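The structure appears below as structure tokens.
We use all heavy atoms of the structure for the numbers below, so side chains are in, but hydrogens, waters and symmetry mates are not. Order of the sequence lines fixes the chain letters, A, B, ..., with proteins taken first and strands second; residue numbering starts at 1 for each chain. Quick caveat, the model's predicted, so the values are computed rather than measured.
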Amino acid sequence: MDIDKDLFELVYAFVRKVPPGKVVTYGQVADGVTGAALTARQVGHAMRYAPNDVPWQRVVGAGGRLPIARRSPQMKLQQRRLLEQEGVAFLPNTEDQVDMSRFQWLPDPPSTAQGSLFSED
DNA sequence: CTAATGACGCTAC
DNA sequence: CGTAGCGCCATTA
């Protein structure tokens, strides 16, 4: 499988620049990638074919859920484990939902700084 | 070429 | 909170 598609490269580049301890949603990536009108579906596929140098674990579904949990329960544990290892915490009473309120990565935040759009602390 | 599937998202029921 | 349907697009059969 050769990745000749620049679209995927754009997605990989975006995911690669996601800092540890932070997560992004598929829709956010699709909307964040410039130069290409990507959809969440394309991002999902890009992740599926993502090389090993792409932190796919930092990409979660809308609302911080792990859609892959339904596909591969084992992979779900893998992702959760990796995220927790980076400092990302999950919501209580849940097994596959990330605490977006504190760990969602805000690419190119406004001058507002600390742009905690979801900050509630 | 068409049909079915899938690491998605949203709305409807 | 659950399932179902539709839209989206790339890959596979």
Starting from [atom2] on [N], measure out to [atom1] on [X] and report it in whole angstrom.
X     : N      : atom1 : atom2 : answer
A/Q97 : C/dC1  : CD    : C1'   : 12 Å
A/D96 : B/dA7  : CG    : P     : 15 Å
A/L83 : B/dA7  : CG    : C1'   : 13 Å
A/Y49 : C/dT12 : OH    : P     : 5 Å
A/L82 : B/dA7  : CG    : C1'   : 14 Å
A/F8  : C/dC9  : CZ    : P     : 13 Å

**Study point:** A/Q42 side chain vs A/T39 backbone, donor-acceptor pair below 3.5 Å
**Key:**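 Such a contact is found between A/Q42 side chain and A/T39 backbone.
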Practice item. Could you tell me whether a side-chain N or O of A/R58 sits under 3.5 Å from a main-chain N or O of A/V23, the two making a donor and an acceptor? Key: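 Flag not set: sc A/R58 to bb A/V23 has no pair under 3.5 Å.
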Check your understanding: Quick one: ring pair (Phe, Tyr, Trp, His ring centres under 6.0 Å) pairs with a partner in residues 79-102 of chain A, sequence neighbours left out?
Key ->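 Matches after skipping sequence neighbours: none remain.
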Practice item. Drop me the distance from A/L91's CG to A/D96's CG, to the nearest 0.5 angstrom. Key: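 So the gap between those two atoms works out to 10.0 Å.
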Review point. What string of B, S and - do you get for nucleotides 8-13 of chain B 5' to 3' if you count protein non-hydrogen atoms under 4.0 Å?
Key: BSS---
For residues 60-81 of chain A, which side-chain N or O atoms pair as donor and acceptor with protein atoms under 3.5 Å away, sequence neighbours left out?
residue, atom, partner, partner atom, Å
A/Q79, NE2, A/Q57, O, 2.8
A/Q79, NE2, A/V59, O, 3.1
A/R80, NE, A/E84, OE2, 3.3

Review point. Taking the six-membered ring for Trp, are A/W56 and A/Y12 ring centroids under 6.0 Å apart?
Key: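 Distance test on ring centres: not under 6.0 Å, no.
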